[in-house]
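First the structure, in the form of structure tokens, and then the observations on it.
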Amino acid sequence: MKAMKKTLVLLSLAALLVISACGSSKSAEPNETNKGAQSGGQNSHAGMDHSSSSGAPEGMREASSPTFPVGSKAVIADSHMSGMEDAETTIAGAYDTTVYTVSYTPVTGGERVTDHKWVVHEEIKGAGNEPFKPGDEVVLDADHMPGMEGATAKIDSAKQTTVYMVDFTSTTTGEEVKNHKWVTEEELALP
């Protein structure tokens with residue numbers, strides 16, 4: 001009888017360990033890749049790749065008379081990503097295009113990202129000349145965040161505007177960011 005009780009106690013303890021291990025599979029402290037997952041993915045840019053060695057996607061049309069010409073200074077007036085708001089920036093590129101907010105589930109797994117700012121028309125696979133409309137389903141050809149490239153996305157909003165590729169220093173980390181894609185005209189202010 002004692003052996004049976006001992007076995008039962010050991011099995012109970014083992015079961016508790018298994019159950020508690022399953023409940024704590026997420027790390028207690030958010031990091032760059034799991035902040036968005038812990039917040040439900042909404043408006044998350046935590047894992048965003050700030051810098052890009054590449055220029056604009058092929059086929060983009062340079063803006064003929066942008067409010068902020070290439071080489072000029074501006075201040076980022078939007079906070080859709082940590083370290084951007086109030087950062088002084090140098091305009092690295094200005095393009096006329098259709099810009100979208102999109103929602104998608106990363107191809108690498110994880111929770112759905114909603115209202116991601118911004119993807120341009122030229123970063124959508126098979127995009128023709130006509131802009132997409134809210135509700136359209138597309139495949140992304142952008143790599144701003146891990147798991148974005150190749151993901152099926154829903155267009156949340158669309159607008160024809162000038163978008164900017166910018167260089168700035170993060171106000172939170174001091175990191176120098178080059179060729180950040182994308183900031184809209186409404187997200188910039190004169191210094």
Worksheet item: Cluster question for you: counting only ILVMFWY and a side-chain heavy-atom cut-off of under 4.5 Å, with indirect links fine, are Val75 and Leu190 together?
Response: no

Worksheet item: What are the two closest heavy atoms between Ile91 and Pro69, and how far apart are they?
Response: CB-O, 3.5 Å

Worksheet item: Closest approach of Pro106 and Pro146, non-hydrogen atoms and distance?
Response: CB-O, 4.1 Å

Discussion item. Other residues, nucleotides and ligands only: do more than 12 of their heavy atoms fall within 6.0 Å of CD on Gln160?
Written reply: yes

Worksheet item: So with a 6.0 Å cut-off around CD of Glu88, is the heavy-atom count from everything else above 12?
Response: yes

Item to complete: With rounding to the nearest 0.5 Å, note down the distance linking CG in Asp167 to CD in Glu176.
Response: 7.5 Å

Worksheet item: What's the spacing between Trp118 CH2 and Thr97 OG1 if we round to 0.5 Å?
Response: 12.0 Å

Discussion item. Which residue in the set Met84, Glu85, His180 passes side-chain contact (heavy atoms from CB on, under 4.5 Å) when paired with Ile76?
Written reply: Met84

Worksheet item: Which value, rounded to the nearest 0.5 Å, describes the distance between Leu140 atom CG and Thr152 atom OG1?
Response: 8.0 Å

Item to complete: Taking the side chain as every heavy atom from C-beta outward, state whether Thr90 and Lys73 have any atom pair closer than 4.5 Å.
Response: yes

Worksheet item: Hey, what's the ring geometry for Tyr100 with His121, parallel, tilted or perpendicular (30° and 60° as the breaks)?
Response: tilted

Item to complete: Before accepting this row, confirm whether a basic side-chain N of the pair Asp115/Lys117 lies closer than 4.0 Å to the acidic partner's carboxylate O.
Response: no

Fill in: Mutual orientation of the aromatic rings belonging to Tyr164 and Phe68 [parallel < 30°, tilted 30-60°, perpendicular > 60°]
perpendicular

Practice prompt. Compare all side-chain heavy atoms of His116 with those of His144 and state whether any distance is below 4.5 angstrom.
Written response: yes

